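In what follows, a single structure is set out as structure tokens and then discussed.
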Protein chains: 2
Amino acid sequence: MPGGPRCRPRARKESKVGVRKKAVAADSVSSVVNRETAASTPVDVQRLNRFVGYALRRAQVAYFGDFARAVGGTDIRPAEFAALVVISANQGLTQSAIALVLGIDRSAGVSLIDRLESKGLALRVPVPTDRRSYAIMLTAAGQELLGQLMTSVTEHEDLMLKNLSKAERDTLLELLHKLY
Amino acid sequence: MPGGPRCRPRARKESKVGVRKKAVAADSVSSVVNRETAASTPVDVQRLNRFVGYALRRAQVAYFGDFARAVGGTDIRPAEFAALVVISANQGLTQSAIALVLGIDRSAGVSLIDRLESKGLALRVPVPTDRRSYAIMLTAAGQELLGQLMTSVTEHEDLMLKNLSKAERDTLLELLHKLY
DNA sequence: TATTGTTATACTCTATAACTATA
DNA sequence: TATAGTTATAGAGTATAACAATA
């Protein structure tokens, strides 16, 4: 996939985060080690599952994890797909406006549009009336790919949401929108 | 906050991702630049908002972004909170088991438990019957902090979900659980 | 002065591969 | 051989600060 190395090796021994291996004797802890728990007794996740934030994260990870497979060999990531959808519905939007809509920083928008442009899906068109900014447009290839993606992403969502009725799906969408 | 630098400077000029600044003349694009769109006309997000994945991401970003404020000066992140909840309800679980429950890799579990341990919230207790593994336990401090966090995180969720009725909240939780 | 696009940088989260000690 | 914990590493995602060109 895309992109070269962006991170460096950590310094060889600097990486010992915190205080490791300082394990204490079991009897310095009030409770006793429960061997059944450590083995294969069902884990209690009741309290954890009451938190919406945790459920949100798990659902999002599951969704994103399957996204790459869903869009096949296109090498389009969720943020890129979202950008394509926004640009398609709002041809000529500036980069900053796109970033604002997507809820990311302007600086993050640069590499997002870079990627779309390098794939031949979008273009930066100079705006004559404001030489600081570019109008972002879909290319014909971008428009066509978006058409395919609308289908494959919709299928992906159908699969992810197969346990939900149509009404539940609408409800989920509506409730999520209330969170931001 | 924690952690030193982990990334290196990109090589000075290597960073030009893709083909930038190759802006073409406006008339090489079928559509014309819509100045109103580039200015302040309301942006059309109708199609984008039909995608559950996008809504999931936005909701999760909003939730996580406010989490740090919600837990005050404790410097506890969502994953650490989730780990504390799991450990508390399942004292003595191994590191691998915790990672499995949280849906992360064993290797990611290492630094998670490292952080809890370095903050004095959890302990790695040697398991006599299996010298490869540790039983993870909450310390008294961990138990107490978790008590406070249960309150502040619950308040945080109440705030995030203030636009939802109790029934809607339960529905949201139930629907999200169906996604993973 | 303010904004647009940009670059350099930093940091979180998470994964994969490989290693060591143990089973 | 297989598993638990660990380390080194890669890379996605995103933020902040600062700068140049332009408004």
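The structure displayed is predicted, hence computed values, not measured ones. Protein chains get the first letters and strands the later ones, always in sequence-line order, with residue 1 at the start of each.
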Can you tell me if A/K178 uses its side chain to pair, donor with acceptor, with the backbone of B/M160 under 3.5 Å? no

By salt bridge (Lys or Arg N to Asp or Glu O under 4.0 Å) - contacts of A/K166 (at least two apart): A/D170

Between C1' on C/dT6 and CD1 on A/I98, what's the gap in Å once rounded to a whole number? 16 Å

OP1, OP2 of C/dT12 versus side-chain N and O of A/R57: anything below 4.0 Å? no

Listed partners of A/F81 passing ring-ring contact (aromatic ring centres under 6.0 Å, His included), at least two apart: B/F51

Considering only NZ, NE, NH1 and NH2 on the basic side and carboxylate oxygens on the acidic side, decide whether B/R169 and B/D158 come within less than 4.0 Å. yes

Atom CG of A/L164 and atom CG of B/L175: how far apart are they, to the nearest 0.5 Å? 5.0 Å

Does a salt bridge link A/D114 with A/R124, judged by any charged N lying under 4.0 Å from a carboxylate O? yes

Can you name the residues that form a side-chain hydrogen bond (donor to acceptor under 3.5 Å, both in side chains) with A/D66, not counting sequence neighbours? A/R69

Position toward the 5' end of DNA chain C (nearest nucleotide), A/V61 or A/S96: A/S96

Tell me: CG of B/D114 to C1' of C/dC13, nearest whole Å? 15 Å

Contact string for nucleotides 16-23 of chain D, one letter per nucleotide 5' to 3', B = base within protein heavy-atom range under 4.0 Å, S = sugar-phosphate only, - = neither, reads BB---BBS

To the nearest angstrom, the CD1-C1' distance between A/I104 and D/dA12 comes to 13 Å

Between B/R77 and C/dC11, is there a contact of a side-chain N or O with OP1 or OP2 at under 4.0 Å? no

Nearest-Å distance for atom pair CG/P, residues A/D75 and D/dG11: 13 Å

Rounded interatomic separation in angstrom, taking CG from A/L112 and P from C/dG5: 13 Å

Sub-3.5 Å donor-acceptor pair from the side chain of B/E155 to the main-chain atoms of B/S152, do we have one? no

I need the CG-P distance between A/L100 and C/dG5, as an integer number of Å. 12 Å

Let me know the distance between CD of A/Q60 and P of C/dT14, rounded to the nearest Å. 10 Å

In which ranges does DNA chain D form stems of 3 or more consecutive Watson-Crick or G-U pairs, distances under 3.5 Å? C:1-23 with D:1-23

Taken in chain and number order and not counting sequence neighbours, the residues that satisfy side-chain hydrogen bond (donor to acceptor under 3.5 Å, both in side chains) with B/S88 are A/R47, B/Q143

Integer-rounded Å distance: C/dG5 C1' and A/I113 CD1: 12 Å

